[in-house]
Amino acid sequence: MGSGGGLPNHILALDVGTSSCHCLLADGDGASIAAASSPIAYHTPRGHSELAREFHPAQVLSTIEDLLTQVLRKAGASRESIDSIAITSQRQGLVLLDSAGAELCCSPNIDLRAVFEGAAIDEQRGEQVYRTTGHTPSLILAPARLAWFEKHEPGIFQRVDAILSVAGWLMYRLTGRKVGERCIEGEAGLLNISSGARCHRLLDSLGMPRGLLPSMPGRGAPHRSLAGPVAQEWGLKKDVEVVLAGPDTQCGLLGMGLTQPGQVGALLGWSGAIQALTSAPCLHPDQATWVGRYLLDDLWVAEANLGEVGSSYAWLKDLLLGAEVPISQADVLATSAPEDGSGILAYLGPGSESAFAAGLRRG
């Protein structure tokens, strides 16, 4: 039983994904009760290249509150029954804050404005970046994005006081704490993938000020006090336990029950991440795969990515069923297919993606 006058415990999971925000309500054992999602709108800042993408923080917070209302209504539950909140998000997304905690830039993982800064980093230190962080190309990683602001928006660059992941930003809005989670920090190129510590030597050489990076408490360390106007507006209890759960793909693997080296899972959302658990970092000689930290100790993930499978799935649904048909109907048809795949025509697409497959080369 929960602490709210005999009400049952509920766990709230929040995910700010690439294409949508997701909200899931679970019982005390982690079983799903109700879920809802809503698309995220991105925009290109005035006067910037079409490669630049940002989201409005107030709009995302409002969307999450609406989703919270929806799932509680579906479940017949109250806000007082929520005892725990777990936060995850898209990888590589970053939010820049000023000293007052105001958002200077909310940059999703599809923000490609730092393409030239990233290419310059990869030309000079690409091998070191991949060997240290397990990720390339650098254009989507934090050092290149900060370098872009230093070059093109020095006024904003000089005001940057903190760099948070998207999940870390939502944690900050709920608790007032600026913290990072190791697996998410690794996805942004801010971690030595082998040791799990900050890769300060590399970051120093790339001009990343150490003071901008949040602390990284122990894995799953909860914060037990909601603070600030957002939590008050949402009507949540002040003693709710809030945890940074990790990157969305790694959380998905754990939810699928993957706990041992050699297990493989596919997370198919906006992108298609195929990840294998390994007992040590498994770097590719041609940098064709990514390496990330896993949520369990002494485990890593080796990843190949299939690109925008979500939009491809939506396109196929529109083509075969019509744009007016909800995608949930396509899901029903997919789950009714025989397990052995007999009689099924497969849409395979162009194959896995990597920096090299996309045509990105170092000079």
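In terms of the salt bridge (charged side-chain N to carboxylate O under 4.0 Å, His left out) criterion, Asp27 has no residue partners (sequence neighbours excluded). Leu277 is linked by a side chain to side chain contact (heavy atoms under 4.5 Å, CB included) to Leu253, Leu258, Gln263, Tyr294, Leu299, Val301, counting only residues two or more places apart in sequence or in another chain. Partners of Arg53 according to the salt bridge (charged side-chain N to carboxylate O under 4.0 Å, His left out) rule, which considers only residues two or more places apart in sequence or in another chain, do not exist here. For His43, the ring pair (Phe, Tyr, Trp, His ring centres under 6.0 Å) partners at least two apart in sequence or on another chain are His56. For Asp331, there are no salt bridge (charged side-chain N to carboxylate O under 4.0 Å, His left out) partners at least two apart in sequence or on another chain. Residues passing the ring pair (Phe, Tyr, Trp, His ring centres under 6.0 Å) test with Trp234: none are found, sequence neighbours excluded. With sequence neighbours left out, Leu283 forms a side chain to side chain contact (heavy atoms under 4.5 Å, CB included) with Tyr130, Arg131, Val291. Every residue two or more places apart in sequence or in another chain was checked for a ring pair (Phe, Tyr, Trp, His ring centres under 6.0 Å) with Trp300, and none qualifies. With sequence neighbours excluded, no residue satisfies salt bridge (charged side-chain N to carboxylate O under 4.0 Å, His left out) with Arg145. Not counting sequence neighbours, the partners of His152 by the ring pair (Phe, Tyr, Trp, His ring centres under 6.0 Å) test are Trp148.
Residues Gln158 and Glu150 have side chains that never bring a donor and an acceptor to within less than 3.5 angstrom of each other.
In this structure, the side chains of Thr132 and Ile193 stay at 4.5 Å or more apart for every pair of heavy atoms. For the pair Lys178/Asp161, a side-chain contact is recorded, criterion being any heavy-atom separation below 4.5 Å from C-beta on.
A salt bridge between Glu303 and Arg91 is present, with a side-chain N of the basic residue lying under 4.0 Å from a carboxylate O of the acidic one. Salt-bridge formation is detected for the pair Arg198/Glu185: a Lys NZ or Arg NE/NH1/NH2 atom is positioned less than 4.0 Å from an Asp or Glu carboxylate oxygen. Taking a cutoff of 4.0 Å between a charged side-chain nitrogen and a carboxylate oxygen, Arg113 and Glu153 do not qualify as a salt bridge.
When atom types are taken as modelled, the side chain of Gln90 and the backbone of Gly17 share a donor-acceptor pair closer than 3.5 angstrom. Panel note: side chain Thr133, backbone Gly189; no donor-acceptor pair is recorded below 3.5 Å. Side chain of Arg159 to backbone of Ser99: no donor-acceptor contact under 3.5 angstrom is found. One N or O on the side chain of Arg293 and one on the backbone of Ser194 form a donor-acceptor pair closer than 3.5 Å. With hydrogens and angles ignored, the 3.5 Å screen pairs a side-chain donor or acceptor of Glu181 with a backbone N or O of Ile184. Thr88 contributes a side-chain N or O that, together with a main-chain N or O of Asp248, makes up a donor-acceptor pair within less than 3.5 Å. With hydrogens and angles ignored, the 3.5 Å screen pairs a side-chain donor or acceptor of Asp98 with a backbone N or O of Ala100. For the pair Tyr42 (side chain) and Ala52 (backbone), a donor-acceptor distance under 3.5 Å is absent. A donor-acceptor contact shorter than 3.5 Å is absent between the side chain of Thr278 and the backbone of Pro281.
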Pair up each side-chain donor or acceptor in residues 62-70 with any protein partner under 3.5 Å, not counting sequence neighbours, and list the distances.
{"unit_1": "Thr63", "atom_1": "OG1", "unit_2": "Gln59", "atom_2": "O", "d": "2.9"}
{"unit_1": "Thr69", "atom_1": "OG1", "unit_2": "Glu65", "atom_2": "O", "d": "3.1"}
{"unit_1": "Thr69", "atom_1": "OG1", "unit_2": "Arg79", "atom_2": "NH2", "d": "2.8"}

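The local environment of NZ in Lys151 is sparse, with at most 12 non-hydrogen atoms from other residues, nucleotides or ligands closer than 6.0 Å.
Taking Ile, Leu, Val, Met, Phe, Trp and Tyr as hydrophobic and joining them when side-chain heavy atoms fall under 4.5 Å apart, one finds Ile11 isolated, its cluster having no other members.
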